[in-house]
Amino acid sequence: MKKRFFALLTAVIMVFALAACGGSTPTLEEVLASDEWQQEEKTWNDSVASMGISIKTSADGNTLVFEYHLPDDEAFNAFGDAECASMADAFLGALESGDFLSMFKTGYGIKLDAVRCAVFKADGTELYRDEIK
């Protein structure tokens with residue numbers, strides 16, 4: 001009887017210890033500040049660097065925001081709604097078809113409200129914004 005009691009007591013203590021030590025879900029801000037996420041962001045930026053575009057991620061509550069910052073050059077300065085929509089919607093469509101929201105929840109334990117993509121001119125003017133939920 002003593003062995004069962006101590007085994008049960010040990011199991012209960014272990015459950016509470018696991019819950020107290022790192023068992024909490026990180027915030028979206030913590031995920032975005034992590035080395036793993038920063039490496040992903042660097043990979044994305046490396047892939048568009050030759051075009052002069054930079055990508056920045058941030059949290060707006062529980063919405064993950066991808067900001068595309070266009071360079072100050074003639075071709076990108078001529079971008080209008082159609083070009084921005086094409087770029088942002090292709091990105092969001094790829095995330096949606098890959099079930100990114102579910103994968104993010106599985107991987108990080110965070111249920112995102114949405115993923116937003118916004119496109120900005122070099123001067124900071126927002127040209128376009130869309131999101132998936």
Side-chain angles (χ1 to χ4, degrees):
M1 182 70 168
K2 277 185 176 179
K3 286 184 181 180
R4 282 188 181 175
F5 174 75
F6 283 113
L8 179 61
L9 181 61
T10 302
V12 169
I13 290 171
M14 287 177 62
V15 167
F16 283 110
L18 287 174
C21 297
S24 65
T25 302
T27 64
L28 183 54
E29 290 85 1
E30 290 170 337
V31 168
L32 299 183
S34 72
D35 291 340
E36 177 185 3
W37 188 266
Q38 292 299 306
Q39 185 57 44
E40 284 295 323
E41 191 173 303
K42 181 185 179 323
T43 300
W44 299 325
N45 274 295
D46 290 347
S47 71
V48 295
S50 65
M51 295 182 285
I53 297 172
S54 66
I55 300 171
K56 179 182 170 206
T57 56
S58 62
D60 180 9
N62 245 21
T63 296
L64 173 57
V65 181
F66 288 87
E67 295 180 359
Y68 281 72
H69 294 270
L70 305 177
D72 186 15
D73 78 14
E74 190 174 322
F76 286 109
N77 288 339
F79 262 35
D81 285 343
E83 293 86 3
C84 293
S86 177
M87 183 170 55
D89 292 347
F91 174 73
L92 290 172
L95 293 182
E96 198 165 31
S97 69
D99 202 14
F100 181 81
L101 294 170
S102 293
M103 288 182 6
F104 196 89
K105 183 178 181 187
T106 300
Y108 294 104
I110 299 172
K111 182 182 181 306
L112 295 173
D113 295 333
V115 176
R116 180 181 309 137
C117 184
V119 181
F120 294 87
K121 289 177 78 168
D123 67 4
T125 304
E126 185 175 298
L127 295 172
Y128 185 80
R129 155 193 304 226
D130 198 5
E131 61 185 41
I132 58 172
K133 292 183 180 190

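Position 1 is the first residue of the sequence; numbering continues from there.
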In chain order, what residues pass the side chain to side chain donor-acceptor pair (under 3.5 Å) check against E83, with sequence neighbours excluded?
none
Working to the nearest 0.5 Å, report the span between CD of E96 and CG of L101.
8.0 Å
Acceptor/donor pairs from residues 106-119 side chains to any protein atom, 3.5 angstrom cut, sequence neighbours excluded:
| from | atom 1 | to | atom 2 | distance (Å) |
| --- | --- | --- | --- | --- |
| T106 | OG1 | S102 | O | 3.0 |
| R116 | NE | E131 | OE1 | 3.2 |
| R116 | NH1 | D60 | OD2 | 3.0 |
| R116 | NH2 | D60 | OD2 | 3.2 |

Between N45 and S54, is there a donor-acceptor pair closer than 3.5 Å when you use the side chain of the first and the backbone of the second?
no
By salt bridge (charged side-chain N to carboxylate O under 4.0 Å, His left out), E126 pairs with (sequence neighbours left out) R129
Between atom OG of S97 and atom CD1 of I132, what is the distance when rounded to the nearest 0.5 Å?
9.0 Å
Going hydrophobic residue to hydrophobic residue with side-chain gaps under 4.5 angstrom, can you get from F79 over to F120?
no
In this structure, are over 12 heavy atoms from other groups packed under 6.0 Å from E36 atom CD?
no
Please answer: with hydrophobic residues joined when any side-chain heavy atoms are less than 4.5 Å apart, are V65 and M103 in the same cluster?
no
Interatomic distance, CH2@W44 vs CZ@F91, rounded to 0.5 Å, equals 6.5 Å
Should F66 and L92 count as side-chain neighbours, where that means a heavy-atom distance under 4.5 Å?
no
Hey, are the side chains of F104 and L28 touching, using non-hydrogen atoms and a 4.5 Å cut-off?
yes
Taking E41 for its side chain and T57 for its backbone only, find out whether a donor-acceptor pair lies under 3.5 Å.
yes
Suppose we screen for side chain to side chain donor-acceptor pair (under 3.5 Å). Which residues come up paired with D89, at least two apart in sequence or across chains?
Y128
Minimum heavy-atom distance Y68-M87, with the two atoms named:
CD2-SD, 4.2 Å
Audit row: L64, V31, side chain to side chain contact (heavy atoms under 4.5 Å, CB included) steps and yes/no:
CA-CA 10 Å; L64 173 57; V31 168; over 6 Å; no
Closest approach of A59 to E29 (non-hydrogen atoms, all atoms of both residues)
CB-OE2, 3.8 Å
Counterpart residues, salt bridge (charged side-chain N to carboxylate O under 4.0 Å, His left out), relative to D46 (two or more places apart)
K42
What residues form a side chain to side chain donor-acceptor pair (under 3.5 Å) with E40, not counting sequence neighbours?
none
